[in-house]
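Encoded as C-alpha cells, the structure appears first; notes follow it.
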Amino acid sequence: MISELNYFMRKLHHISGPVLYWNLLAMILIGLMEGIGIYMLVPMLSLIGVFEMGSSGIHIPWLTELLHRFSENGQLLLVLLAFVFILSGQAWMQRLQTIRNTRIQQQFIRTLRLETYSALLRARWSFFLQKRKSDFNHILTTELARVSQGTSLVLQMAASLIFTAIQIGLAFWLSAKLTSLVLVSGLLLFVLLRKFVRRAKQIGDQTSEFSQSYYYGITEHFNGIKDIKSNMLESSHIHWFERICRQIERNVVQFSQLNTGTQLIHRVSAAMIIASFIYLSLQVMSVPPANLLLIILIFSRLWPRFTAIQSNLEYIGSMLPAFRMVRELQDQTEKNCEIREQISLVQETSTSTSQPIAPIDLVDGIMCEGVNYRYEGSDTYALKNVQAFIPAQGMTAIVGKSGAGKSTLIDLIMGLVKSESGRILIDGIPLTEEQLLNWRSSIGYVSQDPFLFHTSIRENLRLVDPDASEEQMWRALQFSSSASFVRKLPQGLDTIIGDRGIRLSGGERQRLVLARTMLRNPSVLVLDEATSALDSENEQQIHEALERLKGHVTIIVIAHRLSTIRTADRVIVLEEGRVIQEGGYQQLSMDSSGTFSKLLHMQAGAAGQ
C-alpha cells in the first residue's frame, strides 16, 4: 500500500516540479514566523520586566539595549506591535501557501483524471469485455476524489511535520528539558496508537468495496428500470439499496469512532501530562510562574500538532485503497493499450498543427486468412480457421444462428480485437497497429443497440462532424428515413431526446444513429442488426438507400432476418465459429441441402404461421 502512495507522490513531484520546493520553503518560513510570534511573546515580555524568568529567559544584549531606550509603555507597545506584525505576516503567508497547495493538488488531480480517462479510451475492446462499466465510473469519480483528498492530506501533513519540527527547535532553544518531556510523551503515544492507523486502512478497504457495490447496483438498476417497473421488482431493489446504505453508514460511523477515539486519547493524555507538569513544577521543582507559563505554552502548541499528525495518518490510511485501485486501473490499461501515441488536449484544439488521420479507401476487399479467436479465459474458440473474402464496393451479409460468431468476426474486421492466429488483410496488406486508426476512420458502425446522448438531435449528429452544415445533416436524415419524424418534433433538430434517446422509439433511435454514421462519409459501412427495430416500410426505404450506396461504399450487414439481405452480393454463413457456406444470395438459397437454405425455409415457415 505504501508503494502506491510513493508512486503518486513521485508523480506529484513530476507534475508540480520546482513549485513543490518553493512551497516547502514557504512552509518553513511560515513555521518560523508562527513559532517566533507565539514562543517569543513571554520571553520578550520578560525583557521589559513584565515577567521574571531568571536564568530561563532569553539574553540578547542589543535587543535589551534597544528596548530600554523607550519608556515602559513604549516598550510594551513595541513588543506587542512586533507580535501582531509577525502573526499577521504569518497569517497572510499561510493564506498564500494554502492557495498554492490547492493549485498543486488540483493540477495533480486534473492530470490524473485526464491520464486515467485517456488510458481507458486507448485500451483494447477486449479489456472492456472483461470489466464492469460501473467500476470505471466509480474509479473516475469516487476513488479519484478520495485520491485528491488523500493528496491534500499528505500536503497538510507535510506542512504539519515542518511546522512541528520548527516549533520543536524553538522550544528546545527556550527549554530543552521541558521540550524533551513533551516530545518523548508524544512519540510514546504514537507508538501505542499505530494499530489505529492499520485499522483505518481496513475501514478504507471496506469503504472502496461498499462504494463499488453501490455504483454497480444503481447503474444496473437504472439501466434496467423498464424491466424493474414492468415486473414489479421495486420492493426488492429498494431493500437492496437500504442494505447497502446501512453498510456505508456503519462504515463511516466506524471510522468516525476510530478517529474521535484517538483524539480523545490525545486530549486526555494532554490533560494528564500538563497536570503532572504543573504539579511537579510547583510542588517539587519550585519553578517560577513565568517558566510555568512557558511550559504550558510549549505544550499547548506542540501537542495539538501531534494530534493532527495522528489524525492525518488515519485519514491517509483510509485513503490508501483508493490509491491502490487507481494505480491498478492505470497498470491494467497500460497492459491493454492499443493506441500508443499520446492523445493530448492540444492535439484536439482547432489550432492544432497535427496531421489528421487519413482514412483507407478500400479498393480490392477484406480477406480473412485462417483466423482463430477465443475470448480471454475461455477454452472454446469463438472463431475457428475462418477463411472469407468481403469484396469492396458491394454488400456482404454475415448470417448464422445466435452465438455463431458473427459479431466476433465483425470485431476482428474492425480491429477491435486481435486474432490468436491468422490474418486480416486490407487490400492484400495485413492489418497492423500502425494502420489501426486509419482503418477505423474509414468505417461507419451502426450497432444493434443504438447509443445516443442526452442532448439535441443536432448535437448528436455533430459528434462525428462538428462542422456539419444544416444541409448535410438533413441529407443524412433523409438517407436514413429520419427526416420526416424529425420535422414533426417540437424543436426539430434542437429537440432533446433524453438519456440514450429514450424519448424516441427503437426504430427512430436506429435511424438517427444510421444518419449520424452516414454524416461521417465512411468507405466501409457496418450494420450490426441495424434494421431490426424498423417496420417494413422504413426497412424498405433503408435498403433502397443502401442499394444506392452499392458501388461507392463497402457494406457489411449482420442479419438474423434473412429477408432483409435479398440484395446482398455475397453471403457468408457461420456456424459454431466456422464458415460453412459462402457465395451469392440466390446461389446459396437454391442449395437445398445447405444451412442457408434451411434457415430461409425455417424463417419463411415461422412467418407464415
Side-chain angles (χ1 to χ4, degrees), residues 1-17 19-20 101-158 197-220 244 247-248 251-252 255 312-340 342-345:
M1 284 296 180
I2 301 301
S3 63
E4 275 79 26
L5 187 59
N6 288 336
Y7 168 79
F8 283 105
M9 290 304 103
R10 289 196 300 270
K11 185 179 282 288
L12 174 63
H13 175 267
H14 175 73
I15 293 169
S16 302
V19 176
L20 271 181
N101 261 355
T102 302
R103 285 177 177 163
I104 291 171
Q105 176 198 356
Q106 290 305 312
Q107 181 189 20
F108 172 64
I109 291 303
R110 173 177 55 81
T111 304
L112 204 58
R113 284 193 185 112
L114 183 59
E115 284 180 354
T116 307
Y117 183 73
S118 300
L120 279 169
L121 293 188
R122 290 196 297 265
R124 294 185 180 91
W125 170 243
S126 56
F127 172 72
F128 293 95
L129 296 177
Q130 305 163 34
K131 302 291 182 181
R132 300 186 306 196
K133 296 181 183 68
S134 62
D135 289 346
F136 302 141
N137 295 335
H138 169 244
I139 290 174
L140 285 169
T141 52
T142 302
E143 297 307 292
L144 269 176
R146 293 177 69 202
V147 168
S148 174
Q149 189 179 355
T151 306
S152 176
L153 288 169
V154 169
L155 292 174
Q156 288 176 25
M157 195 171 75
V197 178
R198 290 194 293 269
R199 175 59 183 153
K201 186 262 173 188
Q202 293 172 357
I203 294 175
D205 283 328
Q206 293 175 349
T207 302
S208 292
E209 180 184 340
F210 293 149
S211 180
Q212 193 172 32
S213 298
Y214 179 86
Y215 262 83
Y216 171 71
I218 59 175
T219 301
E220 292 299 301
I244 192 70
Q247 289 174 331
I248 293 171
N251 176 259
V252 173
F255 182 77
N312 279 346
L313 283 172
E314 290 168 4
Y315 272 103
I316 291 170
S318 71
M319 303 296 170
L320 284 177
F323 285 87
R324 174 181 55 80
M325 291 185 75
V326 174
R327 174 77 184 277
E328 284 178 353
L329 180 60
Q330 289 185 338
D331 290 344
Q332 289 168 1
T333 51
E334 177 62 27
K335 290 176 184 176
N336 288 276
C337 183
E338 69 171 357
I339 304 173
R340 290 293 170 185
Q342 295 297 313
I343 301 175
S344 67
L345 290 176

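Remember, it's a predicted structure, so these values are computed and weren't measured experimentally.
With contacts defined as side-chain heavy-atom distances shorter than 4.5 Å, the pair R122/T333 does not qualify. Using a 4.5 Å heavy-atom threshold, the side chains of N101 and Q105 count as separate. Residues T142 and Y214 are not in side-chain contact: their nearest non-hydrogen atoms beyond the backbone lie 4.5 Å or more apart. Counting heavy atoms from C-beta on, the side chains of Y216 and Q212 never come closer than 4.5 Å. A heavy-atom distance below 4.5 Å is found between the side chains of Q107 and I15. Annotation: side chain of L140 is in contact with side chain of L120 (closest heavy-atom distance under 4.5 Å).
Nearest heavy-atom pair, T151 versus F323, reported as atom, atom and distance to 0.1 Å: N-CZ, 4.0 Å. For the residue pair G150 and I316, the shortest heavy atom distance occurs at O-CG1, 4.5 Å. Here the shortest heavy-atom pairing between I139 and M325 reads CD1-O, 4.1 Å. Scanning all heavy atoms of the two residues, the minimum distance from I109 to L144 falls at CD1-O, 4.2 Å.
Although no hydrogens or angles enter the test, the distance criterion places a donor-acceptor pair under 3.5 Å between the side chain of N336 and the main chain of Q332. Under a 3.5 Å cut-off, the side chain of T207 and the backbone N or O of I203 do form a donor-acceptor pair. For the pair Q130 (side chain) and S126 (backbone), a donor-acceptor distance under 3.5 Å is present. A distance-only check finds no donor-acceptor pair linking the side chain of S152 to the backbone of S148 [under 3.5 Å].
Note that CG of L129 and NZ of K131 are 12.0 Å apart. Values are rounded to the nearest 0.5 Å. One distance of note links CD1 of I244 with OG of S213; it measures 5.0 Å at 0.5 Å rounding. In this structure, OG1 on T111 lies 10.5 Å from CD on Q106, to the nearest 0.5 angstrom. Atoms CG and CG, from L313 and L153 in turn, are 10.0 Å apart once rounded to the nearest 0.5 Å. Rounded to the nearest 0.5 angstrom, N137 CG and E143 CD are separated by 12.5 Å. Distance check, rounded to the nearest 0.5 Å: CD of E209 to CD1 of I248 gives 11.0 Å.
Defined by atom type and a distance below 3.5 Å, a donor-acceptor pair is present between the side-chain atoms of T141 and Y215. Looking at R327 and Q330, their side chains never bring a donor and an acceptor atom within 3.5 Å of each other.
Counting heavy-atom neighbours within 6.0 Å of R103 CZ, excluding the residue itself, gives a total of 12 or less. When the shell of 6.0 Å around OH of Y117 is examined, it contains 12 or fewer heavy atoms from other residues, nucleotides or ligands. Around atom OH of Y315, no more than 12 heavy atoms belonging to other residues, nucleotides or ligands sit under 6.0 Å away.
Under the salt bridge (Lys or Arg N to Asp or Glu O under 4.0 Å) criterion, the residue pairs touching residues 6-16 are K11-E115, with sequence neighbours excluded.
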Let's go through R146 and S208 carefully: what are the C-alpha distance in whole Å and the side-chain angles of both, what is the deciding distance for side-chain hydrogen bond (donor to acceptor under 3.5 Å, both in side chains) to 0.1 Å, and is it a yes or a no?
CA-CA 10 Å; R146 293 177 69 202; S208 292; 2.6 Å; yes
Given side-chain contact (heavy atoms from CB on, under 4.5 Å), test L114 with R110 step by step and report yes or no.
CA-CA 6 Å; L114 183 59; R110 173 177 55 81; 5.6 Å; no
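Partners of E314 under the salt bridge (Lys or Arg N to Asp or Glu O under 4.0 Å) rule, at least two apart in sequence or in another chain, do not exist in this structure.
Using a cutoff of 4.0 Å between basic side-chain nitrogens and carboxylate oxygens, K201 and D205 are scored as salt-bridged.
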